[in-house]
Amino acid sequence: MGYEDKVRRVIPYTPGEQPRGKVIKLNTNECPYPPSPKVAEAIRNLKISDLRKYPDPLCSALNSAIAEHYGVNEDQVFTGVGSDDVLSMIFLTFFNGQDPVLFPNITYSFYDVWASVYGIPFRTIPLKDDLTLDPAEYMNSKNSGIVLANPNAPTGIEEELSVIRDIIEANPDSMVVVDEAYIDFGGETAIPLLKDHENLIVVRTMSKSRALAGIRAGYALGGSRAIKFLNDVKYSVNSYTMNTVALAAAKAAIEDEAYFREITEKVIRTREEAKKELKRLQFTFGDSKTNFVFARHEGARPGESASDFAARVFEGLKERGIFVRYFNKPIVNEYLRITIGTDEEMKELFKALEELIG
Ligand SMILES: *Cc1c(COP(=O)(O)O)cnc(C)c1O
């Protein structure tokens with residue numbers, strides 16, 4: 001119809017629901033605690049009259065705070081509007097080859113969407129039956145790049161750093177992107193590998209462990225040359241990505257180490273308790289190193305399959321005002337992804353699960 005054959009058509013990513021009203025929200029891996037009080041202070045201290053000016057396109061104050069935090073140079077830091085923006089720029093910048101970009105068949109479901117919208121060839125590599133990574137495939141296949149979420153989402157499973165290092169070393173001619181959205185909940189970061197590996201870029205978000213999903217702040221750490229390439233693309237798309245409020249809030253969040261430790265440790269404690277409860281209710285799950293658990297149940301009613309159970313319990317929880325994530329796709333449709341909330345929220349969840357299991 002008219003212009004329509006000229007449209008760039010895509011099947012978009014579907015974000016988790018953001019229901020209104022009083023619900024228990026365990027569906028998008030947000031932090032159940034508020035951001036650091038220093039964030040509130042930083043926002044209060046902003047001069048409203050300064051909003052008439054463009055923000056700093058270099059994001060210098062924030063980048064230098066991040067650089068200091070991780071002991072890298074400021075020119076090794078790239079910031080963006082959430083790690084989704086950072087990852088999108090990474091796909092656009094580094095994946096311009098002919099061979100496919102590789103990532104697992106079960107992982108963050110935005111990767112194939114970015115590849116599709118930018119026309120990047122990609123190939124998904126099946127996880128093993130226990131939902132762990134199959135490293136050999138990444139070491140022996142021609143590729144234009146590799147993307148690994150570690151710990152992986154939505155499985156919650158962490159791959160050992162030595163395996164990540166082997167993959168980076170086996171692919172000196174490709175950029176290897178390690179998406180560490182959940183690393184702060186007990187995983188081992190690849191950041192120390194940056195020193196010796198130019199083909200590594202590590203991506204982080206402030207949405208989960210720093211309780212700032214609403215502010216939209218994410219960043220990447222890499223070699224200074226790689227970060228320069230990334231900035232060249234960014235400044236060819238949109239120079240002013242992060243706004244003045246987000247820059248100030250994100251800076252305050254990265255500087256408040258004590259508060260960050262307090263809330264992540266609380267989430268980890270609650271997660272370990274939740275694992276015990278889920279086990280008692282006969283769920284099975286990998287050893288989550290994230291702020292969620294990806295749990296499967298054999299079924300609680302006669303003839304009920306794991307996927308029937310997941311679909312029924314997802315709906316049943318929703319009727320009770322408790323939102324978890326359910327992916328209606330093969331393999332993952334046997335699981336519920338449950339974000340770790342406060343202890344009180346988890347108590348409500350387990351009460352409801354007990355009713356639904358009967
Ligand atoms: C949540 C998440 C992101 C995106 O986070 P934002 O910074 O909020 O855009 C990226 N990757 C993974 C694996 C995630 O789970």
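Position 1 is the first residue of the sequence; numbering continues from there. For ligands, and for the atoms within them, numbers begin at 1 and follow the listed sequence.
The closest protein non-hydrogen atom to atom 5 (O) of ligand 1 is S83 OG, 3.1 Å.
Residue-ligand proximity: S207 is placed with a non-hydrogen atom under 4.0 Å from ligand 1. Residue contacts with ligand 1 leave out M206, since none of its heavy atoms falls under 4.0 Å from the ligand.
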Walk me through whether N143 and S141 qualify under side chain to side chain donor-acceptor pair (under 3.5 Å). CA-CA 6 Å; N143 66 76; S141 311; over 6 Å; no
Might you work through the side-chain contact (heavy atoms from CB on, under 4.5 Å) test for E159 and L148, ending with a clear yes or no? CA-CA 10 Å; E159 196 53 56; L148 299 171; over 6 Å; no
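Cation-pi geometry between R296 and F285 is not satisfied (NZ or CZ under 6.0 Å from the ring centre, within 45° of the ring normal).
Looking only at atom types and distance, the side chain of S307 has no donor-acceptor partner in the side chain of Y335 under 3.5 Å away.
The contact set between ligand 1 and D179, taken as ligand atoms under 4.0 Å from a residue heavy atom, comprises 10 (C), 11 (N), 12 (C), 13 (C). Here is the list of ligand 1 atoms found below 4.0 Å of a heavy atom in R216: 6 (P), 8 (O), 9 (O). Within ligand 1, counting atoms from 1 as listed, the ones closer than 4.0 Å to a heavy atom of K208 are 1 (C), 2 (C), 3 (C), 4 (C), 5 (O), 14 (C), 15 (O). Heavy-atom proximity to G82, at under 4.0 Å, picks out these atoms of ligand 1: 7 (O), 9 (O).
Nearest approach of F95 to M175, heavy atoms of both residues: CE2-O, 4.0 Å.
Residue pairs meeting the salt bridge (Lys or Arg N to Asp or Glu O under 4.0 Å) criterion with at least one member in residues 186-209, sequence neighbours excluded, are E180-R204, D184-R204.
Salt bridge absent: R269 and E273 never bring a charged side-chain N and a carboxylate O closer than 4.0 Å.
Taking all heavy atoms of Y182, Y108, F292 into account, the minimum distance to atom 15 (O) of ligand 1 is reached by Y182.
For the pair T205 and ligand 1, the shortest N or O to N or O distance falls below 3.5 Å.
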